[in-house]
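A quick write-up on the structure given underneath.
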Amino acid sequence: GQWNFKAGSQVLDGQATLGSMLKKAGYTTSYIGKSHLGGWFYGKGSNRKAVGSDSNVDFSRPMQSGFRGLGFDYSYALLRGIQESPYAYFENDLLDGNPADLITFEKRHYPDSQILQAGLGLPDWNQRDSGPALLNKALSFIDSHASGASAASPFFLYYNTQAVHGPNIPPDSISGRNVAGASGISARVDMLVEIDAVVEAVTTKIQSLGLLENTIIIFSSDNGGQRLPDESRLGHDANAGLRGDKGTIYEGGHRVPFLVRWPGRVPAAEECPDLLCLTDLYATLAPLAHAAVP
């Protein structure tokens, strides 16, 4: 990934994304959540790329090589997750707030946040509520699509949750489901409960609109989890007994859950023994969407 949000895009010129492929096929597309795809901004008082300190970035102008350029009609993103600055949300490639209000957060604990790396952010930054904030935007996107002019067309929601990345500050609840303390193991495992609550809320929303039986839902992860001794002693094995964990070449580092709900096509509880990779999804989904692939 391209972790630095102003050092160019991870997606190369001419490369298509799921967003651009499905948009061409008539889908309304959205990107919600954590990102480290890179991009760039203009420097203050300049028409050149911002370099150096984040204070040189002109946040009053939209991100370049951002989500609109990747085929997403709507986006609400954390450009480097909750781990690093900018500690703010970006809606449709624009800072969701007033650039004049940006402050520097020092590396320390705040009432509802823990800043691991000093950097710029908006004063109302609150890591504890980042999960609910992203979920609300996802649900609003589904609602607006279902009630808007494009309701007759299909939609694509790419939801990249910020959980369970550190710092682990779980919300008290999500959609009426208790999260903080719910696991009885750790704050990090509470954030696994948060993910369950998010999946439940999105599924319930789709069902309430009568779209669930005509929607493919895919759940997966980008890498294996972290196996932490304190959690293991309390009965939580993040990688189901596999050797290794996040960042290793062993199966625990790259073998991840891959769950598909496709009513009428994928029987409940059926297992597929085949080896697959997340990059296979592009060519797999294209014909389902009647999309042309070069």
Side-chain angles (χ1 to χ4, degrees), residues 3 5 30-36 54 59 74-91 94-99 101-143 157-205 219 221-223 225-226 228 230-231 234 236 238 246:
W3 191 248
F5 69 94
S30 66
Y31 185 109
I32 306 288
K34 177 180 181 288
S35 167
H36 44 91
D54 290 355
F59 285 112
Y74 177 78
S75 61
Y76 197 75
L78 294 165
L79 300 187
R80 291 202 284 186
I82 55 176
Q83 299 103 305
E84 291 188 53
S85 63
Y87 299 110
Y89 301 95
F90 287 77
E91 188 167 35
L94 274 170
L95 178 72
D96 186 17
N98 187 344
D101 294 336
L102 287 167
I103 61 173
T104 297
F105 284 94
E106 301 300 331
K107 181 181 176 180
R108 65 178 178 86
H109 283 272
Y110 291 81
D112 293 296
S113 304
Q114 181 186 358
I115 301 299
L116 302 178
Q117 299 288 339
L120 291 179
L122 289 172
D124 59 356
W125 174 250
N126 182 331
Q127 285 164 342
R128 189 182 305 280
D129 290 339
S130 57
L134 295 176
L135 175 61
N136 288 338
K137 291 295 183 179
L139 299 181
S140 294
F141 165 77
I142 297 172
D143 267 334
L157 168 64
Y158 183 91
Y159 193 125
N160 197 16
T161 174
Q162 90 299 342
V164 297
H165 293 83
N168 302 128
I169 307 177
D172 292 333
S173 64
I174 282 187
S175 294
R177 182 170 171 180
N178 292 336
V179 175
S183 71
I185 296 175
S186 70
R188 193 179 79 99
V189 181
D190 288 347
M191 295 183 82
L192 288 175
V193 177
E194 174 183 326
I195 294 176
D196 283 347
V198 165
V199 173
E200 182 178 57
V202 171
T203 304
T204 299
K205 170 60 69 176
F219 177 92
S221 177
D222 56 345
N223 49 247
Q226 293 175 296
L228 302 181
D230 288 346
E231 295 176 0
L234 292 172
H236 175 66
K246 179 178 180 177

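Just so you know, residue 1 is the first one in the sequence shown, and it goes up from there. Atom set for the values below is all heavy atoms of this structure, side chains included, hydrogens, waters and symmetry mates excluded.
The salt bridge (charged side-chain N to carboxylate O under 4.0 Å, His left out) pairs that include a residue from residues 116-135 are D112-R128, where partners are two or more places apart or lie in different chains.
L135 is listed as a side-chain neighbour of Y159, based on a closest heavy-atom distance under 4.5 Å. Side-chain contact between E91 and Y74 is present, with at least one heavy-atom pair separated by less than 4.5 Å. Taking 4.5 Å as the limit, some side-chain heavy atom of L122 sits within range of a side-chain heavy atom of L102.
For Y158, the ring-ring contact (aromatic ring centres under 6.0 Å, His included) partners at least two apart in sequence or on another chain are Y31. Residues that satisfy the side chain to side chain donor-acceptor pair (under 3.5 Å) test with S113, not counting sequence neighbours, are absent from this structure. Take E231 and apply the side chain to side chain donor-acceptor pair (under 3.5 Å) test, not counting sequence neighbours, and it matches S186, R188. For the side chain to side chain contact (heavy atoms under 4.5 Å, CB included) test, residues two or more places apart in sequence or in another chain that qualify with A133 are Y89.
S85 approaches F5 most closely through the heavy-atom pair O-CE2, 4.0 Å. Closest approach of L157 and S30 over heavy atoms only: CD1-OG, 3.2 Å. The two residues V189 and S183 come nearest to each other via the heavy atoms CG1-CB, 3.5 Å. Across every non-hydrogen atom of A88 and L95, the tightest pair is CB-CD1, 3.6 Å. Of all the heavy atoms in A187 and P170, the pair that sits closest is CB-CD, 3.8 Å. Residues P132 and I174 approach most closely at CG-CG1, 3.9 Å, considering heavy atoms.
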Side chains of residues 195-205: which donor-acceptor partners sit under 3.5 Å, not counting sequence neighbours?
from: T203; atom 1: OG1; to: V199; atom 2: O; distance (Å): 2.7
from: T204; atom 1: OG1; to: E200; atom 2: O; distance (Å): 2.8
from: K205; atom 1: NZ; to: D143; atom 2: OD1; distance (Å): 3.3
from: K205; atom 1: NZ; to: D143; atom 2: OD2; distance (Å): 2.9

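Distance check, rounded to the nearest 0.5 Å: CE of M191 to CD of Q162 gives 5.0 Å. Between the CD atom of Q127 and the NE2 atom of H165 there is a distance of 13.0 Å, given to the nearest 0.5 Å. Rounded to the nearest 0.5 Å, atoms CD (E194) and OG (S130) are 6.5 Å apart. With values rounded to the nearest 0.5 angstrom, I115 atom CD1 is found 10.5 Å from H109 atom NE2. The OG atom of S75 sits 11.0 Å away from atom CZ of F141, with the distance rounded to the nearest 0.5 Å. Rounding to the nearest 0.5 Å places CD of E84 at 12.0 Å from CG of L79.
The residue from N160, L134, I32 that alone fulfils the side chain to side chain contact (heavy atoms under 4.5 Å, CB included) condition with L78 is L134.
In this structure, the side chain of Q114 does not engage the main chain of I169 through any donor-acceptor pair within 3.5 Å.
By the 30° and 60° cut-offs, the orientation of the rings of W125 relative to Y87 is tilted.
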